[in-house]
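What follows is a set of notes on a single structure, which appears directly below.
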Number of protein chains: 4
Amino acid sequence: MVRRQARGRQRIGEILDAASALFAEAGYDRTSTNAIAARAGMSPGSLYQYFPNKQAIADALSERLLAELREAHAASFDDTAVAGLPLPDLVSRVVDPLVFFHVTHPGAKVLIGEKGQSLHTGVTDRVGSLLRARSPELPDDDVRRTSTVAVQIVAALMGSIVAAPEPERAALVQELKRALTGYLATPADR
Amino acid sequence: MVRRQARGRQRIGEILDAASALFAEAGYDRTSTNAIAARAGMSPGSLYQYFPNKQAIADALSERLLAELREAHAASFDDTAVAGLPLPDLVSRVVDPLVFFHVTHPGAKVLIGEKGQSLHTGVTDRVGSLLRARSPELPDDDVRRTSTVAVQIVAALMGSIVAAPEPERAALVQELKRALTGYLATPADR
Amino acid sequence: MVRRQARGRQRIGEILDAASALFAEAGYDRTSTNAIAARAGMSPGSLYQYFPNKQAIADALSERLLAELREAHAASFDDTAVAGLPLPDLVSRVVDPLVFFHVTHPGAKVLIGEKGQSLHTGVTDRVGSLLRARSPELPDDDVRRTSTVAVQIVAALMGSIVAAPEPERAALVQELKRALTGYLATPADR
Amino acid sequence: MVRRQARGRQRIGEILDAASALFAEAGYDRTSTNAIAARAGMSPGSLYQYFPNKQAIADALSERLLAELREAHAASFDDTAVAGLPLPDLVSRVVDPLVFFHVTHPGAKVLIGEKGQSLHTGVTDRVGSLLRARSPELPDDDVRRTSTVAVQIVAALMGSIVAAPEPERAALVQELKRALTGYLATPADR
DNA sequence: CATGAATGAGGCTTCATTCAT
DNA sequence: CATGAATGAAGCCTCATTCAT
């Protein structure tokens, strides 16, 4: 029965892989559940053994992406050591795995940035806690707003970055870092 | 026959108004052409007299939005006088009408930011020419890249700005300006 | 434009005819909307131009059947002259057109008898008003109960009657009349 | 292997219990075999070990209901002593256990009354033999017809009876008895 | 040129049934 | 015999587009 569960997990993974690829290619609305099932090598009925409806697939995909993202970031630095880093270094430590992640998971760019989808929320929270660690005196509202803006900037540029061929990609990543650094270094008021 | 053309232009305008409203409410995919026709007070058949298919409506809407946007910006400053402005002032002169425009035309936020749609391209070109005016010595590639990034930042935040209720909206606009100022003020290299 | 409406009414009629036949053959659940459309000589999409969903077709069919039934009964006697009739005659005047009606509209037997469907309610109300006319002193609850029971008896036997070939059919109609006469002639209490 | 068979019988019973409950809740068509299996605490595959298809479950359930019904009736009186009873007493002796049975087995009301399902046939035969015992001189056709009609009347009203809350239920049972007594007491001809 | 009925492919989802384990 | 994942046809309904009037 442990085999059963392992098999189930694998099939869920296949579904999410297929959905990720198709969402990346055509977006959520234009991706049919039958197409996801076909790409995952199963029948439509099987897909519905694992997910109750199309939205649930997107949700689960968001969850998985978020988890993988957390893992990737955890490998890049630990939150406690963050307060002392110079801003450009911090930005690089955050952005680089993020870019790698998105290049590796092109499906992410469709889900991230859509409010209410858990990935977006999760990433924003994570960035918020980083900001909080660096600026403990900042009001909660400002932390939330700044992290939201930062995440949206990243999300906005990520599409171009992922789509760009390699020489240009690096340049765009530079630009993203410049934008974030410039944004976060600029005093909030005035 | 001049009357004919005037009538046609008006009907096209009605279609675009309807499409704009519906795209804003539900997005492109979830807006049906029949709904657009109904909102525009005409039959589906009539709609197809003016547009060959759904995408053409979105394209025409993008064109019209771009034209209106140009007009709005032209009223805010003239390109030739831009070189001397301090950066924060320039940003405000660009961003404020843009925000006003998007608040007034909520449909724009669905179309802007989608690559290949003419609005996006047009706005990027326009920003590029502003950059060029301020930094004549910058390589073409850098101008293009910087303007693309700037436009994407604006597009990314515009959604939240339009959606936010007024006290928060102003705060988000501040953040957008901070982001742009910070980005453009930060030296490209290093 | 009057032609348009006439055409629409006709197509609605065709849909109801088709639904009636199929409901009679297989019942509501086993009748597909695509089958109704096909039998009505139109595409599934056209059907949905006239009805928002499957249940609405059944409802409209019930309404139409009820109206036709009212007409048939109105031709058989007028309510005001009913009080003086001997019970067997009254029963015949009610039952005969009903039987003719059901033989002519086999779809009716699926809809009648299902509580909450308007035909059933309508017929019960009508029978109730007949009872009320004959026995003005009867409590409301008894009128309702008696008419409900009478209608259910008719509905229950109608299936066999419609299904039976002619010599047997007449015999069953006799039985139905006997049942109703016996029921209504028997004093309620004791 | 006796254990085997005992186990099998028990599982069949569980399936029929589950089916009975679900048929009562939603009807035959709207009850899925998977739901039956789940309610019976087994897998779909196991269910199909005992029944070749969905209809066979309904058939077996009808058989079982009929057997239980026979048992209930046998406890209420014996056929040989029936000839001498006054009609109202006979009706009560038949109807009361029937009502109790249906209240106890709500699933029965979906199956009874559907021609060709064995429960209906069985009940009709039983009533026929009662009639035959009381009126030995009656032609076979009349016996069959009368018992069919009587059973259909019972079946028709049973739905309302089972569905009604208690004060109303008793009243409806009274009505049912009145209907049967009236029907059977009324001379067949003229 | 307007109309709106008509089309039919296709989307999401369910479910009776089978089969590998 | 049990399990439950797998199947795939089919059901209800939508919608971009066309065409007769």
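Hydrogens, waters and symmetry mates play no part in the numbers below; they use all other heavy atoms, side chains included. Order of the sequence lines fixes the chain letters, A, B, ..., with proteins taken first and strands second; residue numbering starts at 1 for each chain.
Of the possible polar contacts, one joining the Y28(C) side chain to the Q55(C) backbone as a donor-acceptor pair under 3.5 Å is found.
A24(B) pairs by the side-chain contact (heavy atoms from CB on, under 4.5 Å) definition with P106(B), not counting sequence neighbours. Applying the side-chain contact (heavy atoms from CB on, under 4.5 Å) rule to S32(B) yields the partners N34(B), A35(B); only residues at least two apart in sequence or on another chain are considered. A search for side-chain hydrogen bond (donor to acceptor under 3.5 Å, both in side chains) contacts involving T104(C) returns nothing, not counting sequence neighbours. In this structure, T33(D) has no side-chain hydrogen bond (donor to acceptor under 3.5 Å, both in side chains) partners at least two apart in sequence or on a different chain. Legend: residues meeting side-chain hydrogen bond (donor to acceptor under 3.5 Å, both in side chains) with E71(D), ordered by chain and number and at least two apart, are absent. Residues forming a side-chain hydrogen bond (donor to acceptor under 3.5 Å, both in side chains) with Q49(D) (at least two apart in sequence, or on another chain): none. In this structure, the salt bridge (Lys or Arg N to Asp or Glu O under 4.0 Å) partners of R64(D), at least two apart in sequence or on a different chain, are D17(D), E68(D). In this structure, E14(D) has no salt bridge (Lys or Arg N to Asp or Glu O under 4.0 Å) partners at least two apart in sequence or on a different chain. Listed by chain and residue number, M42(C), L47(C) satisfy the side-chain contact (heavy atoms from CB on, under 4.5 Å) test with A37(C) (two or more places apart in sequence, or in another chain).
Remark: H102(D) NE2 to M158(D) CE distance equals 5.0 Å, nearest 0.5 Å.
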Next on the checklist: Can you give me the dot-bracket string for DNA chain F, 5' to 3', counting Watson-Crick and G-U wobble pairs with both distances under 3.5 Å, using [ ] for crossing pairs and | for partners on another strand?
Outcome noted: .||||||||||||||||||||

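Remark: P of dC15(F) and CD1 of I57(B) are 14 Å apart, rounded to the nearest angstrom. For the pair Q49(D) CD and dC19(E) P, the computed distance is 13 Å after rounding to whole Å. The separation between R7(D) atom CZ and dA2(F) atom P is 6 Å, rounded to whole Å. When rounded to the nearest whole Å, the span between CG of L47(B) and P of dG4(E) equals 14 Å.
Of the side-chain N and O atoms in S43(C), one or more sit less than 4.0 angstrom from OP1 or OP2 of dT7(E). Taking side-chain N and O atoms only, Y50(C) has no distance below 4.0 Å to OP1 or OP2 of dA5(E).
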Next on the checklist: Using a 4.0 Å heavy-atom cut-off to protein, can you give one letter per nucleotide of nucleotides 12-17 of chain E, 5' to 3': B if the base is in contact, S if only the sugar-phosphate is, - if neither?
Outcome noted: SBBBBB

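Among the heavy atoms of the strands, none lies under 4.0 Å from F51(C).
Residues from residues 10-21 of chain D lying near DNA chain F, meaning a heavy-atom separation below 4.0 Å, are R11(D) in numerical order.
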